[in-house]
Amino acid sequence: MHTLALTAKPTKAAGLRTIRPAQRPVGRAAQEFSAAWHAPAPVRGRGALTAATATAFLAAAWSGARRRQGRLGRCQWSLTRAATATEDAVQHSVPVILLSGFLGTGKTTLLRHWLENTTDRVGVVVNDVAAVNIDSKLVQQESYNPEGEVNAIQLQNGCACCSLGDELLVNIHDLLELAGGDRPFSQIVVELSGVAEPRRVRENFDSAIEQGYYVVDGVKLDKVVTILDASTFCEEYMEFARIYEREDLQDGDVGEMAECSVVELLVEQTEAADIVVLNKTDLATQDQVEATRAVVKAINKEATIIETTFGKVTLHDVLAAAHSEVGKHHHENGHDEHGHEEHAHEEHSHEEHGHAGHEAHAEHGHEEAHSHGHEEAHSHGHEEDHGHAHSHSSDCSDPECTDASHGHSHSHAEDCSDPDCTDASHGHDHGHSHSHGTTTAEDRFGITSFTYTARRPLSEARFTKALQKWPIPKHSDLQLTLTDDDSSADHPMARVIRSKGFCWLESQPSNRVYWSHAGKDMQLTYNGFWWGAMSEEQVKIMQKMAAGEYERAKREDWDDEWGDRRQEVVFIGQKLDEAAIRAWLDECLLTDKEMVSYKKKQEAAAKDSGMIMWPSEMMAQDVGEMTD
Ligand SMILES: Nc1nc2c(ncn2[C@@H]2O[C@H](COP(=O)(O)OP(=O)(O)OP(=O)(O)O)[C@@H](O)[C@H]2O)c(=O)[nH]1
């Protein structure tokens, strides 16, 4: 008999329900991660950059990055429709917060913390690099929405462009239209993919507002929050320093963009930030934290810096910190800047914050804080209602250009003009094709992704052995023995920057396991139950907590034999050896012979127990209440 453990209550505060761009309800779930995130002891000695040396080479390095940036054709667009929005309307619009940060720095962790610790209604747009939007599934799983309000939307197709073009704006517009409920959003948070460039997104936003493009009616871009991994940031900069020290790479076309691409993205994401969250301070030495602060200051003097572990700072505190900095800017510099509104958050924080104080900057250089250049811009033709199309391209400089072949097509169903239509078959799905040339993560940064899927469990013995050969620290809540005895530097996972997804382990037939690896750290944690492992009665009970999520799983993740039990892990990295990674995991799957006995065991267990046990008293009480 297999006993399942739900160790956390569903989150009610978030009140989140997620929809797809196609406007079909996707549902929500009530399960939270069943185990507290495992916080390993600080790792010392990684990243040799010190605060004293950081600033000196950065100034030079950053100018090198700017030179390269100038050489790159970038995706930019503007809109030709006559302005209709007044400044007044913009001021009363819902503030949009862009949450940026490199792969695996902790964006989803921070977002989940924000949602769990607010009673405000926060809208969410989730984007992810890979075709499978794992982040969105995580956000949905921890959401709970008794009122049936739509609070979240996910960008489809794993769009990894630098700016997301118009797709993001259209999705925010859709979210506002479909939101329902009586309460307006206090903010809309957009979790950008790890390779997105917030400056480009900001430029698109500003451009759309300036032009009075209807999709930005009712919203305004408020803040860019960039989250950095304090334990690896400096190490990435050391890579940059090595390139900088090579004179042959300074002039002319470097050509090896992929070699310094991670740094370039980090710089761009840091520069665009109003607030920088230094996360993972538990994994960083004091020197690393100080050096990271020095680097951030060198890149972006104006940003407010907040330190956290596991993103434990509320959205309210983040915004308050930025606003107090803005007050300081006003006072010291006499600037009338940004036009921030105060946000009313009476009850915002439900737990202690594990973060240090907010950085107050003595120097406030306002030069080149956020450039909103509209060079390279060109036009987009927009028809009202559902029939409009946009196009743009990185290298098109014709302001009158409406040539769809220049890169980005974005089409709405032509045959539906009902603004209240929720029929997905009417094609509200914002199908788009990207041929941005230098603007995709793959072309610009050499970063690609693929999703490993399988419908068999992983053998615990072989999986454990395989993990041992992967030379990075690994942590597990599953009582697996994970030592690094046999590790090899040529491991196919060495080029993987980020991997994440859901695993099905032989030894955990009913528990969904979440695999999360970012840079130099890997964790396996419990992530609730597989729907496919529940009895009918249990499914009914769980559906009351997570209405819609079961239907979503049936629609998207289902297999006739095993339900939603599966391997679904996204791998993101530079110059990935996909075949080798697939082979590495295939080796761990149960063989045909092993599957026969596994099936027998599962059938016997199902007969034996009949129903999954609810081991926690707290959960038993919750389930009891729901069945009354
Ligand atoms: N030790 C430690 N781990 C953390 C911290 N914050 C997040 N993590 C872990 O880092 C991993 C990545 O976190 P996510 O929140 O998924 O990162 P992300 O930026 O959303 O990742 P992508 O969307 O894939 O770019 C997860 O395993 C988290 O549990 C932290 O402060 N300390």
Side-chain angles (χ1 to χ4, degrees), residues 32-43 46 98-116 124-139 141-142 154-155 158-160 189-196 198 225-233 262 265-266 269 277-285 288-289 292 306-313 353-356 441 445 447 449 451 472-477 496-503 513-527 569-573:
E32 283 208 58
F33 288 106
S34 54
W37 297 101
H38 187 82
V43 180
R46 287 200 268 138
L98 296 182
L99 177 54
S100 107
F102 191 58
L103 298 162
T105 47
K107 296 180 292 298
T108 309
T109 307
L110 179 67
L111 174 59
R112 289 172 63 232
H113 188 83
W114 284 355
L115 296 174
E116 284 164 12
V124 176
V125 180
V126 185
N127 184 35
D128 214 343
V129 177
V132 176
N133 197 328
I134 300 289
D135 287 356
S136 171
K137 289 188 186 190
L138 284 179
V139 170
Q141 279 166 13
E142 74 158 25
Q154 77 169 64
L155 282 159
C159 176
V189 178
V190 179
E191 183 189 343
L192 296 173
S193 85
V195 296
V225 178
T226 293
I227 182 161
L228 304 177
D229 180 342
S231 71
T232 59
F233 188 82
V262 168
L265 265 174
L266 286 172
Q269 291 172 346
V277 176
L278 296 189
N279 193 40
K280 304 202 182 182
T281 51
D282 59 314
L283 295 178
T285 61
Q288 284 176 318
V289 174
T292 308
I306 299 172
E307 288 175 26
T308 63
T309 294
F310 287 96
K312 285 187 181 158
V313 56
H353 305 152
H355 65 277
F445 308 117
I447 295 175
S449 70
T451 308
I472 56 164
K474 292 157 289 265
H475 314 280
S476 164
D477 294 343
V496 178
I497 296 167
R498 175 79 164 123
S499 57
K500 58 185 171 181
F502 306 104
C503 295
V513 170
Y514 181 56
W515 160 316
S516 178
H517 146 242
K520 303 236 161 61
D521 207 59
M522 195 267 185
Q523 300 181 32
L524 291 167
T525 47
Y526 291 108
N527 180 237
V569 184
V570 166
F571 294 88
I572 305 163

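Every number for a ligand or one of its atoms is a count from 1 in the order of the listing. One is the number of the first residue; the rest follow in order along the sequence. Any value given below was found using the heavy atoms of this structure, including those in side chains, with hydrogens, waters and symmetry copies removed.
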Peer 1: My understanding is that only one of Asp229, Thr308, Thr309 makes a side chain to side chain donor-acceptor pair (under 3.5 Å) with Thr281; could you say which?
Peer 2: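 Looking at Asp229, Thr308, Thr309, the match for Thr281 under the side chain to side chain donor-acceptor pair (under 3.5 Å) is Thr309.
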Peer 1: Touching ligand 1 at all, Gly101? Heavy atoms, strictly under 4.0 Å?
Peer 2: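 Heavy atoms of Gly101 never come under 4.0 Å of ligand 1.
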Peer 1: Any nitrogen or oxygen of Tyr514, side chain or backbone, less than 3.5 Å from one on ligand 1?
Peer 2: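 Between Tyr514 and ligand 1 (N or O atoms, distance only) the closest approach is not under 3.5 Å.
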Peer 1: Side chain to side chain donor-acceptor pair (under 3.5 Å) with Thr226: which residues, sequence neighbours excluded?
Peer 2: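 Thr226: side chain to side chain donor-acceptor pair (under 3.5 Å) contacts with Ser100.
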Peer 1: Do any N/O atoms on Gly104 end up under 3.5 angstrom from N/O atoms on ligand 1?
Peer 2: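 For ligand 1, there is an N or O atom that lies under 3.5 Å from one belonging to Gly104.
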Peer 1: Are Phe310 and His113 packed together at the side-chain level, in the sense that at least one heavy-atom pair is separated by less than 4.5 angstrom?
Peer 2: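 Phe310 vs His113: side chains apart.
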Peer 1: Check each heavy atom of Arg498 against ligand 1 and say whether those closer than 4.0 Å belong to the side chain, the backbone, both or neither.
Peer 2: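 Under 4.0 Å from ligand 1, Arg498 contributes side-chain atoms alone.
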Peer 1: Nearest 0.5 angstrom please: Lys312 NZ to Ile306 CD1, how far?
Peer 2: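 One gets 16.0 Å once the value is rounded to the nearest 0.5 Å.
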Peer 1: Give the atoms of ligand 1, by number and element, whose distance to some non-hydrogen atom of Gln523 is under 4.0 Å.
Peer 2: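 Listed by number with element: 3 (N), 9 (C), 27 (O), 29 (O).
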Peer 1: Can you measure from OG1 (Thr292) to CD (Glu307) and round to the nearest 0.5 angstrom?
Peer 2: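 Going from the OG1 atom of Thr292 to the CD atom of Glu307 covers 9.0 Å.
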Peer 1: Which is closest to atom 10 (O) of ligand 1 in terms of heavy atoms, Lys280, Glu307, Lys312?
Peer 2: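 Going through Lys280, Glu307, Lys312 one by one, Lys280 has the nearest heavy atom to atom 10 (O) of ligand 1.
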Peer 1: Check Gln523, Arg498, His475 against Ser516 for a side chain to side chain donor-acceptor pair (under 3.5 Å) and give me the one that passes.
Peer 2: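 Among the candidates, only Arg498 passes.
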Peer 1: Are any of the N/O atoms on Thr281, whether in the backbone or the side chain, positioned under 3.5 angstrom from an N/O atom of ligand 1?
Peer 2: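 By distance alone, the answer is no.
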Peer 1: Can you confirm, on distance only, whether ligand 1 has an N/O atom lying under 3.5 Å from any N/O atom belonging to Gly311?
Peer 2: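 In fact, backbone or side chain, Gly311 has no N or O that close.
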Peer 1: Once rounded to the nearest 0.5 Å, what's the spacing between atom CD1 of Ile227 and atom OG1 of Thr108?
Peer 2: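 These two atoms lie 9.5 Å from each other.
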Peer 1: Of His517, His475, Lys500, which has the heavy atom at the shortest distance from atom 22 (P) of ligand 1?
Peer 2: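 It is Lys500 that holds the nearest heavy atom.
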Peer 1: Check each of Thr105, Thr109, Leu110, Leu111 against Lys107 using the side-chain contact (heavy atoms from CB on, under 4.5 Å) test, and report the only one that passes.
Peer 2: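 Answer to the side-chain contact (heavy atoms from CB on, under 4.5 Å) test with Lys107 among Thr105, Thr109, Leu110, Leu111: Thr105.
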Peer 1: Select the closest option to atom 6 (N) of ligand 1 among Val570, Leu283, Asn279, Thr525, judged by heavy-atom distance.
Peer 2: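 Among Val570, Leu283, Asn279, Thr525, the closest heavy atom to atom 6 (N) of ligand 1 belongs to Asn279.
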Peer 1: Counting from 1, what ligand 1 atoms have a heavy atom of Leu103 closer than 4.0 Å?
Peer 2: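 Numbered from 1, ligand 1 contributes 25 (O).
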Peer 1: If you measure from each non-hydrogen atom of Asp282 to ligand 1, which part falls under 4.0 Å: side chain, backbone, both or neither?
Peer 2: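 Only the side chain of Asp282 comes within reach of ligand 1.
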Peer 1: Calculate, to the nearest 0.5 Å, the distance between atoms CD and CG belonging to Glu191 and Leu98 respectively.
Peer 2: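 One gets 11.5 Å once the value is rounded to the nearest 0.5 Å.
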Peer 1: What orientation do Trp515 and Phe571 show, parallel under 30°, tilted 30 to 60°, or perpendicular over 60°?
Peer 2: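 Geometry flag for Phe571 against Trp515: perpendicular rings.
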Peer 1: Looking at Thr309, which atoms of ligand 1 are within less than 4.0 Å of one of its heavy atoms?
Peer 2: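 Those qualifying, in numeric order: 31 (O).
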Peer 1: Taking the minimum heavy-atom distance to atom 14 (P) of ligand 1, which of Ile227, Thr308, Thr109 ranks first?
Peer 2: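 The option holding the nearest heavy atom is Thr109.
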Peer 1: Atoms of ligand 1 less than 4.0 Å from Glu191 heavy atoms?
Peer 2: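 Going through ligand 1 atom by atom, the ones under 4.0 Å from Glu191 are 20 (O), 23 (O).
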